[in-house]
A.B. asks: 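Dropping a structure here in structure tokens format, bear with me for questions.
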Amino acid sequence: MSRVICLLLFLGLPAAFAGAGNDPSAKDLEAMQGDWAVIEYVVDGIKSEDDNAQSLFRTIKGNLGSGTIKLDATRMPKTIDSIPDKMPGKPFLGIYEIDGNRVKVCYAPPGKDRPTELASKKGSEHTFMIWEREKK
């Protein structure tokens, strides 16, 4: 179930793509375009085995996606709200960081407070992922 949520959260990224201009959030979304694979996946403080984490892939291209997200790159930490099409209702509130060819995200379950750090500690119910751009 948590792997499905992971994919649904990341699938929503392209839905908010609208061209960068001078908007820092749009620039971040543009930077997320491309092919990605999970290299680290932690849920409620429990790290997934590398083979399981590395089996998650995603291509972000244009405005195609299966959900809606809202980035706010003006806040610190930067925030991401994700509403996957397959799981309507309350959004997953999260934070993110882009570092070159890596995107770190941390989400709380729907109805829970937004994480304040890019980590998933035991008892937090947070999902932390590091996505790395696929090399061509």
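Everything quoted here is computed from the prediction, not taken from an experiment.
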A.B. asks: Would a distance-only check, ignoring hydrogens and angles, find a side-chain to backbone donor-acceptor pair under 3.5 Å from T127 to Y107?
C.D. replies: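 Answer holds: no.
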A.B. asks: Please report the closest heavy-atom contact between V105 and Y96, naming both atoms and the distance.
C.D. replies: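 Residues V105 and Y96, closest heavy atoms: CG1-CB, 3.7 Å.
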A.B. asks: Restricting to non-hydrogen atoms, name the atom on D81 and the atom on G94 that form the minimum distance, rounded to 0.1 Å.
C.D. replies: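 D81 and G94 have their closest heavy atoms at OD1-N, 4.5 Å.
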A.B. asks: Closer than 3.5 angstrom, by distance alone: can the side chain of S82 be matched with the main-chain N or O of F92 as a donor-acceptor pair?
C.D. replies: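 Between the backbone of F92 and the side chain of S82 there is no qualifying donor-acceptor contact (under 3.5 Å).
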A.B. asks: Return the CG to CD distance between N101 and E132, rounded to the nearest 0.5 Å.
C.D. replies: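 So the CG of N101 and the CD of E132 are separated by 7.0 Å.
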A.B. asks: Can you find a pair of side-chain heavy atoms, one from I95 and one from L118, that are under 4.5 Å apart?
C.D. replies: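 In short, these two side chains touch, coming nearer than 4.5 Å.
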A.B. asks: Which pair of heavy atoms, one from S25 and one from A73, lies closest together, and at what distance?
C.D. replies: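 Result for this residue pair: OG-N, 2.9 Å.
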A.B. asks: Restricting to non-hydrogen atoms, name the atom on N22 and the atom on K27 that form the minimum distance, rounded to 0.1 Å.
C.D. replies: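 Looking at all heavy atoms of both residues, the closest pair is CA-CE, 4.1 Å.
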A.B. asks: Using a 3.5 Å distance criterion without hydrogens, assess whether the side chain of D44 forms a donor-acceptor pair with backbone atoms of G123.
C.D. replies: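 Confirmed, D44 side chain pairs with G123 backbone.
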A.B. asks: State the CD1-CZ distance between I80 and R114, to the nearest 0.5 angstrom.
C.D. replies: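 Result: 9.5 Å between the selected atoms.
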A.B. asks: Determine the minimum heavy-atom distance between A119 and C106, stating which atoms define it.
C.D. replies: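 A119 and C106 have their closest heavy atoms at O-SG, 3.2 Å.
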A.B. asks: Would one find more than 12 heavy atoms of other residues, nucleotides or ligands at under 6.0 Å from atom NZ of K78?
C.D. replies: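 More than 12 within 6.0 Å, yes.
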A.B. asks: Between L93 and F128, is there shared hydrophobic-cluster membership here, with clusters defined by ILVMFWY side-chain heavy atoms closer than 4.5 Å?
C.D. replies: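 Not linked; separate clusters.
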A.B. asks: Please step through side chain to side chain contact (heavy atoms under 4.5 Å, CB included) for the pair H126 and K121, ending with a clear verdict.
C.D. replies: CA-CA 7 Å; H126 294 163; K121 297 179 180 172; over 6 Å; no
A.B. asks: Any donor-acceptor pair under 3.5 Å linking the side chain of R133 with the backbone of W36?
C.D. replies: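 The answer is no, because no donor-acceptor pair under 3.5 Å joins these two groups.
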A.B. asks: Start with the C-alpha gap between K70 and T79, add the side-chain angles, then the distance that decides, and say whether side chain to side chain contact (heavy atoms under 4.5 Å, CB included) holds.
C.D. replies: CA-CA 8 Å; K70 179 182 175 187; T79 64; over 6 Å; no
A.B. asks: For the residue pair T74 and P24, establish whether any side-chain heavy-atom pair is separated by less than 4.5 Å.
C.D. replies: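 Touching, per the 4.5 Å side-chain cut-off.
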A.B. asks: For a side chain to side chain contact (heavy atoms under 4.5 Å, CB included) check, start with the C-alpha distance between M32 and I98, then their side-chain angles and the critical distance, and finish with the verdict.
C.D. replies: CA-CA 8 Å; M32 292 179 182; I98 300 173; 3.9 Å; yes
